Protein chains: 2
Amino acid sequence: HIYVSKAAAKPQVEFDYDGPSMKTTVPGPRSKELMKQLGQIQNTGAINFFCNYEESKGNYLVDVDGNRMLDIYTQISSIPIGYNHPALLKVMANPNNLSTFVNRPALGILPPENFPDKITESLLSVAPSGMTRVQTMSCGACSNENAYKAIFIWYRNKERGQNTPTNEELNTSMINQAPGCPELSILSFMGGFHGRTLGCLATTHSKAIHKLDIPSFDWPVAPFPRLQYPLDEFTRENAEEEARCLEEVEDLIVKWRQKGKPVAGIVIEPIQAEGGDNHASPDFFRRLRNIARKHGCAFHVDEVQTGGGGTGKFWAHEHWGMDDPADIVSFSKKLLSGGYYHKDELQPDKPYRIFNTWMGDPSKNLFLSEVLNVIRRENLLEEVTRSGKALLNGLYELQAQYPSILSRARGQGTFCAIDAFDDATRDRILLKARDKGVLLGGCGDRSIRFRPALVFKEYHVNLFLNIFNDVLAQHK
Amino acid sequence: HIYVSKAAAKPQVEFDYDGPSMKTTVPGPRSKELMKQLGQIQNTGAINFFCNYEESKGNYLVDVDGNRMLDIYTQISSIPIGYNHPALLKVMANPNNLSTFVNRPALGILPPENFPDKITESLLSVAPSGMTRVQTMSCGACSNENAYKAIFIWYRNKERGQNTPTNEELNTSMINQAPGCPELSILSFMGGFHGRTLGCLATTHSKAIHKLDIPSFDWPVAPFPRLQYPLDEFTRENAEEEARCLEEVEDLIVKWRQKGKPVAGIVIEPIQAEGGDNHASPDFFRRLRNIARKHGCAFHVDEVQTGGGGTGKFWAHEHWGMDDPADIVSFSKKLLSGGYYHKDELQPDKPYRIFNTWMGDPSKNLFLSEVLNVIRRENLLEEVTRSGKALLNGLYELQAQYPSILSRARGQGTFCAIDAFDDATRDRILLKARDKGVLLGGCGDRSIRFRPALVFKEYHVNLFLNIFNDVLAQHK
């Protein structure tokens, strides 16, 4: 297997294990027992297995049956620097931090003394280009819900020329009617995923089962480019496909304005993640951003899954190379709690318009500060770029070797994916890999997605490629 | 002031202070400085002052200017047993708990080994009557959003007779259209508050500024009874008012069914909190529950603010004295993270229909277990009942003494409120009380709400009443 370089030395990650170690098939007997117990309380249909988080370390997740797996899914892409990182354990050991965990404040009314400093040294130290303001929230869905609200408020204030609302607006808003609750819309993309609460869900179009039976808004849905990979071999075809989608976007904006439901904002992921790891070119995003500007719509980049370094840059949209890439950027997952950055003009004019009890969680920001220190100290973004190249090259070689099983390898940094022949094949491969000690995720119809932590080194890439090759060889 | 009993001994709360201690007006100079700093990052219009949570203890919140206030608002009712409770600090000191803080799992797919046990000993140990199932979430809004989704899924499954959805349903759901995204509704009440994300906001009707400019659903809004207090002096008038509201509820259910937007669920707070601490009788809720059953609507009791013991029972709806009070009960705040209990039949038929990355936070459940231990060990619900009586009697006497300023004293446990003459008077009283070392909240148009922690004893009630009397005397 020439594609598997043995050159990369085992990295000096003192808190990592040597490799996977499997005792049972997964889920093992103890997991099955616990699944039965939890089944009395919740629907357990999505549970993979139960974990021993105490014993998990670095890139390795240990389950309750003593199986140790190389984790390339990391809790749906939400563990930034591996399990039980010593730097994070140190945060817990510091007695000065105790009170932050024990007394959760209502941040919007009674923030702790160190709150401005803490968000300056954590979230604002990695603020996207052109943004000096951030609103914290507790989770990804709440982040997008409130980002949409900020967009609607901004849009209506523009429309009414910043004048105070009329009595009719105030009164009708109380009973959900226009003009107080206007018929505005957010344009989203087929295959996009922005969360599952009712506002977010109206912009999510990844799988029917997520949306079925839930009332929604009549908001426009544009096609997302369906590109051919590798991107640099299909530049002409891909450019045509992107032009088609952009044309449709403009048509929809005009059509919805005529319908009386103007598009206040456009929301998009830099890489559609849940929808199947669909990429588009920097040029596509630049043109889309211009369309948004031309039509007076806010441009909202949802970095909930792509943000935090997995693409080799801290924000995936930095790959577009623009000074002014977005009006609003939402985040969660690897950032450990949610929120959004925004341009100054997207800050609501009055207090309590964007508000809830907790407005985030300072204890998560404590951890985030430390995560960012580790990323800087250990040059993890460069590491991700290096591991990502090795991973993508390995996937290219595997799809060349197994063309009847694999296709469409693609990725940026370690944020990679590859397609299986069909969904049944994909699911079988995922289970076999797991039984051999590699934990992966699925997305879209038949894609396998790679979402390792930022401490996933070339060494781990090679480990993975060897195991994955075995899985594929046996599958054949 | 005969209404101020000096009899109650200072309670043995070793971690409490003696009383308020004020150094500056509030916000003091340091708070103002920090407000300016934070103003560069966020809208600070709702910030009261900045806090020193390290120095805060028990019922006392200390600010960054060294002012120590008796806290009767407790971070919008979300601090259950006071600041820096020794039992919670002990949770942090236990090395076995470290990993729960450092490794936040994706609970829906990879829960920790102790997850079934932990929710059994925490959330399920206080489950409302008739409920053995609980879904955890991260905050109050997400809890209600997902509770509504569970209601819609349950309702549509009933309608289609549990058959699998049609292709037309699956396809239309992807573009937000019926029949896949059906025109179902949730009936809510004028003055109700259920959160600020788009689904929740369609059922929130407390203040226009919360709803203005945000698109909404055409869902029915019923009048909430406007009762006269004290309740036992106006039983006939109040019963008439409640009958009027219930009649309107049934009319709306019929009307919305005819409109093609059937009511799948009714959502209500046991005491309308944000909307102005509006009470209704147990009889009202019993009849409403029966109306829901008669029309096939789920009955959702929102205990986000009322739950956790403030009314003297763990759930406010326990005061109704029913075996089968609800189909779904949502919570957050004093429970330290969000979620909802539900009847078996409200569990979705398939996985991933109610889902997100984190699905709650086990580190908050660790604290909750300990909070519940303290509540039991120290009989805090009895204490609340006792303090609540003293507080309400004190408020009755104050409103008798200052009839031109105060009226409509009301409450259950320490979950009390009183109305000021108008909103300007209310706001002035709140600020004056704060400068004298008592932190209170407002709600509705002109109400003052009391939301102390469960460790607020008769001693603290008397302390408060004395200070409040001074404020009112000076106001006159």
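Naming convention: chains lettered A, B, ... in sequence-line order (proteins, then strands); numbering from 1 in each chain. Predicted model only: the values in this text are computed from it and were never measured.
- B:Arg196 places a side-chain N or O within donor-acceptor distance of the main-chain N or O of A:Tyr352, the cut-off being under 3.5 Å.
- Listed options B:Gly199, B:Ala93, B:Gly108 were ranked by heavy-atom pairs under 4.5 angstrom with chain A; first place goes to B:Gly108.
- Comparing A:Ser78, A:Pro348, A:Ser332, A:Ala208 by heavy-atom pairs within less than 4.5 Å of chain B, the highest count is held by A:Ala208.
- Rounding to the nearest 0.5 Å gives a distance of 9.0 Å between CG of B:Asn356 and OG1 of A:Thr197.
- A donor-acceptor distance shorter than 3.5 angstrom exists from the side chain of B:Glu145 to the backbone of A:Leu198, with no hydrogens or angles considered.
- For chain A, the nearby part of B:Leu107 is the backbone; its heavy atoms alone come within less than 4.5 Å.
- Side-chain atoms of B:Asp117 and A:Gln37 include a donor-acceptor pair closer than 3.5 Å.
- For the options A:Ser56, A:Cys200, A:Pro105, heavy-atom pairs under 4.5 Å to chain B are most numerous at A:Pro105.
- Between B:Asp361 atom CG and A:Asp361 atom CG the span is 7.0 Å, to the nearest 0.5 Å.
- Considering every non-hydrogen atom in both B:Phe49 and A:Pro111, the closest pair reads O-CD, 3.6 Å.
- With a threshold of 4.5 angstrom between heavy atoms, A:Ile151 does not approach chain B through any atom at all.
- Interface remark: B:Pro165 contributes side-chain atoms only to the contact with chain A (heavy atom separation under 4.5 Å).
- Residues B:Leu98 and A:Tyr53 have side chains not in contact (no heavy-atom distance under 4.5 Å, counting atoms from C-beta outward).
- The one candidate from B:Lys350, B:Arg353, B:Lys149 that meets the salt bridge (charged side-chain N to carboxylate O under 4.0 Å, His left out) condition with A:Asp213 is B:Arg353.
- At a 4.5 Å heavy-atom cutoff, the contact between B:Asn96 and chain A is made by backbone atoms alone.
- Contact detail for B:Met190 and A:Met174: the closest heavy-atom pair is CE-O, 4.0 Å.
- A:Cys139 has its side chain within reach of B:Cys142: a pair of non-hydrogen atoms, C-beta onward, lies under 4.5 Å apart.
- Your options are B:Ala127, B:Ser173, B:Ser77, B:Ala202, and the one with the most heavy-atom pairs under 4.5 Å with chain A is B:Ser173.
- Of the listed residues (A:Phe355, A:Phe367, A:Trp219), the greatest number of heavy-atom pairs within a distance under 4.5 Å of chain B belongs to A:Phe355.
- For the set B:Arg160, B:His342, B:Glu159, B:His210, the entry with the most heavy-atom pairs within less than 4.5 Å of chain A is B:Arg160.
- For the pair B:Leu212 and A:Glu169, the minimum side-chain heavy-atom distance is below 4.5 Å.
- Among the candidates A:Ile79, A:Ile354, A:Leu89, the residue making the largest number of heavy-atom pairs closer than 4.5 Å to chain B is A:Leu89.
- Between the B:Glu113 side chain and the A:Asn52 main chain, no donor and acceptor come within less than 3.5 Å of each other.
- Annotation: side chain to side chain contact (heavy atoms under 4.5 Å, CB included) contacts of B:Asp218 (sequence neighbours excluded): A:Gln177, B:Trp256, B:Lys259, B:Lys261.
- Within the 4.5 Å cutoff, no side-chain heavy atoms of A:Ile41 are placed close to those of B:Thr132.
- For the pair A:Val91/B:Phe101, no side-chain contact is recorded, criterion being any heavy-atom separation below 4.5 Å from C-beta on.
- Between chain A and the residues B:Thr204, B:Leu34, B:Asn84, B:Thr74, the most heavy-atom pairs under 4.5 angstrom are made by B:Asn84.
- Using a 4.5 Å heavy-atom threshold, the side chains of A:Phe115 and B:Ile47 count as separate.
- Remark: the B:Asn43 side chain and the A:Gln135 side chain contain no N/O donor-acceptor pair separated by less than 3.5 Å.
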Please lay out, stage by stage, how B:Ile209 and A:Leu170 fare under the test side-chain contact (heavy atoms from CB on, under 4.5 Å).
CA-CA 8 Å; B:Ile209 195 69; A:Leu170 293 172; 5.9 Å; no

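- Between chain B and the options A:His205, A:Met92, A:Gln347, the largest number of non-hydrogen pairs under 4.5 Å is found for A:Gln347.
- Distance alone, capped at 3.5 Å, places no donor-acceptor pair between the B:Arg156 side chain and the A:Ile214 backbone.
- Ranked by heavy-atom pairs shorter than 4.5 Å toward chain A, the options B:Thr100, B:Thr172, B:Leu336, B:Asn146 are led by B:Leu336.
- In this structure, the side chain of A:Gln42 does not engage the main chain of B:Arg133 through any donor-acceptor pair within 3.5 Å.
- Checking side-chain atoms of B:Asn103 against main-chain N and O of A:Tyr83 turns up no donor-acceptor pair under 3.5 Å.
- Rounded to the nearest 0.5 angstrom, B:Ser138 OG and A:Met137 CE are separated by 13.5 Å.
- Nearest heavy atoms, B:Ser363 versus A:Lys364: OG-NZ, 4.2 Å.
- Looking at B:Asn176, its side chain does come within 3.5 Å of a backbone N or O of A:Phe217 through a donor-acceptor pair.
- If you measure heavy-atom distances from A:Asp349 to chain B, the contacts under 4.5 Å come from the backbone alone.
- With sequence neighbours left out, A:Phe50 forms a ring pair (Phe, Tyr, Trp, His ring centres under 6.0 Å) with no residue at all.
- Between A:Ser185 and B:Pro215, every side-chain heavy-atom pair lies at or beyond the 4.5 Å cut-off.
- Contact annotation: the side chain of A:Thr357 never approaches that of B:Gln75 to less than 4.5 Å [non-hydrogen atoms, C-beta and beyond].
- In this structure, B:Lys211 NZ and A:Cys181 SG are separated by 5.0 Å, a value rounded to the nearest 0.5 Å.
- If you tally non-hydrogen atom pairs under 4.5 Å between each of B:Asn48, B:Val64, B:Leu110, B:Val304 and chain A, the highest count goes to B:Leu110.
- Comparing A:Leu201, A:Leu88, A:Thr136 by how many heavy-atom pairs each has under 4.5 Å with chain B, the most go to A:Leu88.
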